[in-house]
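Computed from a prediction, not measured in an experiment: that's the story for all the values here.
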Amino acid sequence: MAQTLNKQQREAVKLIGCPVLIFAGAGSGKTRVLTEKIAYLVDKVGIPPEHILSVTFTNKAANEMKERILKLIKCDVTKMTVGTFHSVCASLLRKHIHMLGYDNNFTIYDQSDAKQAMKNVISSLNLDIKTFQPNKYQYLVSNLKSKMIYPNDVLLTTDIYIDEILKEIYERYNELLKENNAVDFDDLLLLPIQLFKQEKSLLDYYQNKFQYVLVDEYQDTNKPQFEFIYNISKNNNEITVVGDDDQSIYAWRGADIKNILNFSNSFPNSKIIKLEQNYRSTKTILDAAFHVVSKNKNRAEKKLWTENEKGDPIYINEFENENKEARGVIDDVLESVDKNHTLNDMVLLYRTNSQSRVIEDRLRRESVPYHIVGGVKFYDRKEIKDILAYLRYLINPKDSISFLRIVNFPPRGIGKSVTEKIIKQLNTTDSDLEGILKKLDNLGLSAKQIEKVNAFNQIIRKLKKTKDKTALETVERLLEKIKVKDYYTNKDNPDDYERLENIQEFVSSVSDFSDRNENNGIGPFIEEVSLLTDIDRWNANEQKLTLMTLHSSKGLEFKSVYILGAEEGLLPLTHNNDDDDLEEERRLFYVGVTRGIKKVSISYANTRRRFGVSSMFSLRSSFIDAIPPELCSFNSSSSYAKQLASKIAKPFKPKDEFKINDMVSHKLYGNGKIIMIQGIGDNSKISIKFRGNMIKKFIKKYANLKIIN
DNA sequence: TTCACAGAAGTTTTT
DNA sequence: CTTCTGTGAA
């Protein structure tokens, strides 16, 4: 990174008084420009921090931005509003959503909650769940919302045709959410716009509050996001957006490339600045990436350049199958670690989350520490969602989705017949969930059933007393009350052990939250958790190898980048032969390649298992063929296989560092002695005798045992 | 009501 | 190959 700003960067920083669009290519220092601009606005122009709104793509980026501003100038960054669209909108709604008939303690539904809600809607409309798949309808509704098409807009011109049934489902879904005092991710963006429309004074307030607006990754904004910032800044005209049409990779979730391409029309008298000097990558990497993306018809003409060296060629590696690919790539990673790289210099990128499995298996065998971004997210795990559901229900007693999740978990004898009666009452009368649970008499329940529901009510009532304590206290009390640890300990399912560990990790994250924040009740905790993305939990400084999807890698950089599975049908991933889709895949590939600083390796496998069984032959990606061969170094399968043969000749032997009679320590149970080992490798089962002759059996890879002397 | 088992279905990408 | 769903027995 250059020490001083170049001419265009400087211009972008200092240009105020009109809307500014910065076309910033990969690695051109756009985040730096945004940061410097904010510092300039505060320090030189004299705009108070509280009048600045800066929107980033992830919470992580927001935090980094704040830190970087602090390094440049002295100011109170906490007064500044820096965050993602979703988090900014959420905190706005916390203050004003009552104007729309919700309570300010509303719950934010993530997509699995939304799916559950959709499922309830479809069955309450007596529709066949097989024909009207909740998944599909949730997707359809979300798509409509992200285009700001409402139930009453029966449009034949859009690509989604709203028929009567979709309309009814859509309407009923919205009603259900409102009855639950809940919003989904789309509502988070839509409701503020509705508020602005409805309450003119509120719009005035925010126009006045946010005198200067900055937006990062502008190419990936959708219609509601555009409306949001447009409303706020249309009078002041003090707005700076940064984006790169070549890196637009979220059209599938409603991001509208027109937002960036038509910026000048939306904001009159705007100026455009182009940042075309790349400070990140080698000439070779840039050249290769350009040759791929320039195949796109739909793109603004531009070319990045760099003063950096030519550097290594692009390494193209062919493998027989996905297992050998994983092995080959990891061998290369380990070799680099021996030379001049550390594990966190490198990243493994792939198109679909499911590709991580084979890689993980290999990494575990080699005992390489790694971290996966995405996939099954931590807060999406069943055991964590259950606990969160309790917390959410404590805050928002109208939340029927959370209620249904916890009313019989851990099992307390409240079954389908009871919950169905409650839900029916909810759907057919005006009373809300809270009211129904207060008087159970007229539900037609047996005395025993009433007793059980009251036992549940009792637990909730007791927990409510700690509601205003710190999140940590509430969670600890909760775990104690519902005896969830006992529930998982007493069953003999090997997965349950991992569940316990996750709960433990959850508790430490709550504890961490309580330490970190002054305002540390369960409300703020849930708010943070529901808007946290996986990348926010990722620590780039840890000595671990990072694995993530190409999508997640946007905005990051690594000394060495591996792109796996570059095969036709996988990257590009094609479901139909739409040109627009192919162009987006190409941009995705472009994003991946341009993450690299020094070295980019691309690999593909000749056969790849999908759905576990069927092995199919695959062709190498056309994206590879778009890179001029003189920029590449090819490793064909056969020669690579030979190289490998000499290296891999020594048979792989699992590292079983545990022996019978070893003393080991365990996070939960303390110290104990190994009395039995069944099987070998990571999946072996280890029996340990702890204090008081308590014997527990663990799966090695999950147990996290440490040898003690 | 709960648990266990069998069968079916499913993979883009994420706030 | 996994994860979810539905069915039947205790």
If you define the side chain from C-beta out and look only at heavy atoms, does anything of A/T107 sit under 4.5 Å from A/I526? no
[X]: partners by ring-ring contact (aromatic ring centres under 6.0 Å, His included), with sequence neighbours left out:
| X | result |
| --- | --- |
| A/Y230 | A/F226, A/F267 |
| A/F185 | A/H86 |
| A/F106 | none |

List the residues meeting side chain to side chain donor-acceptor pair (under 3.5 Å) with [X], not counting sequence neighbours, and say none if there are none.
| X | answer |
| --- | --- |
| A/D399 | A/Y109, A/S402 |
| A/S142 | A/D186 |
| A/N408 | none |

Selected nucleotide, minimal atom distance to A/T352 side chain, candidates B/dC3, B/dT13, B/dT14: B/dT13
Atom CG of A/N143 and atom C1' of B/dT13: how far apart are they, to the nearest Å? 14 Å
Take the protein atom NZ of A/K130 and the nucleotide atom P of C/dT5, then report the distance between them rounded to whole Å. 11 Å
Which atoms of nucleotides 7-9 of chain C (N or O only) lie under 3.5 Å from a protein N or O atom, and what are those distances?
none

Residues in salt bridge (charged side-chain N to carboxylate O under 4.0 Å, His left out) contact with A/D386, at least two apart in sequence or another chain: A/K382, A/R405
Suppose we screen for salt bridge (charged side-chain N to carboxylate O under 4.0 Å, His left out). Which residues come up paired with A/E585, at least two apart in sequence or across chains? A/R351
Give one of base, sugar-phosphate or nothing for A/S417, where a contact means two heavy atoms less than 4.0 Å apart. sugar-phosphate
Which part of the nucleic acid, if any, lies within contact of A/D186, taking any heavy atom under 4.0 Å across all strands shown: a base, the sugar-phosphate backbone alone, or nothing? nothing
Using a heavy-atom distance cut-off of less than 4.0 Å, which residues of residues 248-257 of chain A contact DNA chain B? A/Y250, A/W252, A/R253
What are the residues of residues 453-460 of chain A, sorted by number, that bring a heavy atom to within less than 4.0 Å of DNA chain B? none
Between C/dG6 and B/dT11, how far apart are the two P atoms, rounded to whole Å? 16 Å
Please report, to 0.1 Å, the donor-acceptor pairs under 3.5 Å made by any side chain of residues 247-260 of chain A, with sequence neighbours excluded.
from	atom 1	to	atom 2	distance (Å)
A/Q247	OE1	A/R595	NH2	3.2
A/Q247	NE2	A/D244	OD2	2.9
A/W252	NE1	A/I249	O	3.1
A/W252	NE1	A/H551	NE2	3.4
A/D256	OD1	A/K258	N	3.0
A/N259	ND2	A/T221	O	3.1
A/N259	ND2	A/T221	OG1	3.1
A/N259	ND2	A/N222	O	3.4

